[in-house]
There are 2 protein chains.
Amino acid sequence: MSTPAALTWSTTNCPVGRAMDILGESGTVIVLREIFNGVRRFDLMQRHSGLSRAVLSHRLALLVEHGIVHRVAYRDPGERERHEYRLTTRGFDLQPVMVALADWGGKHLSGPEGPAVEVEHRDCGARTHVALVCEEGHVIDRLRDVRTRPGPGAMPT
Amino acid sequence: MSTPAALTWSTTNCPVGRAMDILGESGTVIVLREIFNGVRRFDLMQRHSGLSRAVLSHRLALLVEHGIVHRVAYRDPGERERHEYRLTTRGFDLQPVMVALADWGGKHLSGPEGPAVEVEHRDCGARTHVALVCEEGHVIDRLRDVRTRPGPGAMPT
DNA sequence: CACCCTACGTCTGTTTGACAGACTCAGGTG
DNA sequence: CACCTGAGTCTGTCAAACAGACGTAGGGTG
């Protein structure tokens, strides 16, 4: 406790820090929520999310710049060509983050009536949550059973 | 696609939105990273995280206000009484969020040398990640096998 | 006792970014 | 042609982050 091991390596290339450089910008996660829920067009997103048009525009540009979403042209009958925003593979990989956030918010920040959304397994309809699993296949339920360690890219302080 | 189901319910009590009201404040997740890594004292946190003292102070107050961390008095030999910040149960429940962020950042935002930190299973030492599991016990690997649906607290738009 | 040190913040002035709301622009409709 | 809609951009105001200085409480040192 006196000298935590984490102090011996640098935070300059911390994965959490790098992720938050993108996801920590105001509104980024809200935009992703909309897109994960199938809302892909600017105006619908703006109205449903409540973000200002300027912030939505900037966050979409940020997400495109980082390869998390991409613009796809489409054309409704009798309309001109427009663009919508879809997740890339990199963006889809954020799903565990979104589900983890929904789990926590649903458990700790809901009113007495329960959470406003749930995640379901499409095959069986059961509620779905995130869990920690190790590469040996153990499902870890006691949170104290995991710890962080430096990885191959770790740099000393 | 034309009318996404998500548009039929309100976002006012969305668990993701409520979670981000706290975690989306600049620096909140970085503070949590430090505390999860065992860095619990103000000065060490400030130096290791690189946050300004003012922001660190405000974010710690926010986390205490929401019951995610609490201040605990301690006394080193020959020192005066001080306080450190520790996770509450509610704070510890954020571990899947942190691991999900580390997973994604490590996979998509690391240099060629690999991620700077990894999470290990304390018992077997294997690398640990988050996964989606449903209440029927299925481990879900294809991300498209899950979808969101309104929960008991859902409100119409 | 006077002074210094350390941990833990708070204060100040500057700059960045969010907000509400108006404006722009392109293409299609009546 | 005048108007509508989707998708942004611009403007002025206000809140918050930044770097860096300052404050303060309690202990140790000469």
Side-chain angles (χ1 to χ4, degrees), chain A residues 1-4 7 11-12 17 20-32 34-35 38-66 69-86, chain B residues 1-4 7 11-12 17 20-35 38-65 69-86:
Chain A
M1 198 56 42
S2 42
T3 54
L7 290 178
T11 58
T12 56
M20 291 310 292
D21 286 345
I22 303 170
L23 304 181
E25 288 289 292
S26 135
T28 304
V29 172
I30 299 303
V31 174
L32 288 168
E34 300 298 324
I35 300 179
V39 183
R40 303 196 171 91
R41 303 183 184 181
F42 190 93
D43 250 44
L44 278 178
M45 261 192 249
Q46 194 270 317
R47 285 200 286 269
H48 194 242
S49 69
L51 296 172
S52 74
R53 310 181 74 77
V55 168
L56 177 57
S57 176
H58 289 143
R59 285 312 93 81
L60 285 168
L62 182 74
L63 290 170
V64 168
E65 176 192 338
H66 285 93
V69 305
H70 60 141
R71 281 163 57 97
V72 177
Y74 71 95
R75 180 158 213 156
D76 281 349
E79 291 288 322
R80 74 172 186 276
E81 180 178 291
R82 301 187 190 286
H83 296 267
E84 62 181 20
Y85 297 87
R86 290 176 171 271
Chain B
M1 196 58 42
S2 41
T3 53
L7 290 178
T11 57
T12 55
M20 292 309 293
D21 286 346
I22 302 171
L23 304 180
E25 288 288 292
S26 137
T28 304
V29 172
I30 299 304
V31 174
L32 288 169
R33 176 192 72 191
E34 299 299 324
I35 299 179
V39 183
R40 303 199 172 88
R41 303 182 184 179
F42 190 92
D43 249 43
L44 278 178
M45 261 191 250
Q46 194 269 319
R47 283 200 287 267
H48 193 242
S49 69
L51 295 173
S52 75
R53 310 183 74 77
V55 168
L56 177 56
S57 176
H58 289 143
R59 283 315 92 82
L60 285 168
L62 181 75
L63 290 169
V64 168
E65 176 191 338
V69 306
H70 61 140
R71 281 164 56 98
V72 177
Y74 71 94
R75 180 158 213 155
D76 281 350
E79 290 289 321
R80 74 173 185 274
E81 178 178 291
R82 302 188 190 286
H83 296 269
E84 61 181 18
Y85 296 87
R86 291 177 170 270

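Per chain, numbering begins at 1; letters A, B, ... match sequence-line order. Computed over heavy atoms, backbone and side chain alike; hydrogens, waters and symmetry mates excluded.
Nucleic acid contact class of B:G78 (heavy atoms, under 4.0 Å, all strands): sugar-phosphate only. Using a 4.0 Å heavy-atom cutoff across all strands shown, B:H83 reaches sugar-phosphate atoms only and no base atom.
Here the side chain of B:R75 pairs a donor or acceptor atom with the backbone of B:E79 at under 3.5 angstrom.
Geometrically, A:R41 engages A:Y74 in a cation-pi contact defined by less than 6.0 Å to the ring centre and at most 45° from the axis.
For the pair A:H58 and A:L62, the minimum side-chain heavy-atom distance is 4.5 Å or more. B:D43 is listed as a side-chain neighbour of B:R47, based on a closest heavy-atom distance under 4.5 Å.
Distances shown here put a side-chain N or O of B:S52 below 4.0 Å from the OP1 or OP2 atom of D:dC18. Between C:dG9 and B:Y85, a contact under 4.0 Å exists linking OP1 or OP2 to a side-chain N or O. Under 4.0 angstrom from either OP1 or OP2 of D:dA7 there lies no side-chain N or O belonging to A:S57. Close to C:dG9, at under 4.0 Å from its OP1 or OP2, lies a side-chain N or O of B:R71. Side-chain N/O atoms of A:Y74 include one lying less than 4.0 angstrom from OP1 or OP2 on D:dA7.
Atom CD of A:E84 and atom P of D:dT5 are 21 Å apart (whole Å). Atom NE2 of A:H58 is separated from atom P of D:dT9 by 7 Å (rounded to the nearest Å). One atom, CZ of B:F42, and another, P of D:dG26, lie 18 Å apart when rounded to the nearest Å. Nucleotide C:dA7 holds its C1' atom 14 Å from the CZ atom of B:R75, rounded to whole Å. With rounding to whole Å, A:L51 atom CG is found 7 Å from C:dC19 atom P. Regarding B:Q46, its CD atom lies at a distance of 11 Å from the C1' atom of C:dG9, rounded to whole Å. In this entry the distance linking CD of B:E25 with C1' of D:dA16 reads 9 Å, nearest Å. Across the protein-nucleic acid pair, A:L60 atom CG and D:dG8 atom C1' stand 11 Å apart, rounded to whole Å.
Heavy-atom distances to DNA chain C give each of A:E79 and B:R47 a nearest nucleotide, and the one nearer the 5′ end belongs to B:R47. Across the interface with DNA chain C, nearest-nucleotide mapping of A:R80 and B:R80 shows B:R80 to be the residue nearer the 5′ end.
Residue B:R59 forms a salt bridge (charged side-chain N to carboxylate O under 4.0 Å, His left out) with just one option from B:E25, B:E34, B:E65, and that option is B:E25.
Looking at the side chain of A:A54, the nearest of the listed nucleotides D:dC10, D:dA7, C:dG9 is D:dC10. The side chain of B:R53 lies closest to C:dG9 when the candidates are D:dC18, C:dG9, D:dT9. Which of D:dA17, C:dC8, C:dA18 sits closest to the side chain of B:R59 comes down to D:dA17.
Side-chain N/O atoms of A:R82 and base N/O atoms of D:dA7 include no donor-acceptor pair closer than 3.5 Å.
Across all their heavy atoms, B:I22 and B:T28 have their closest contact at O-OG1, 3.1 Å.
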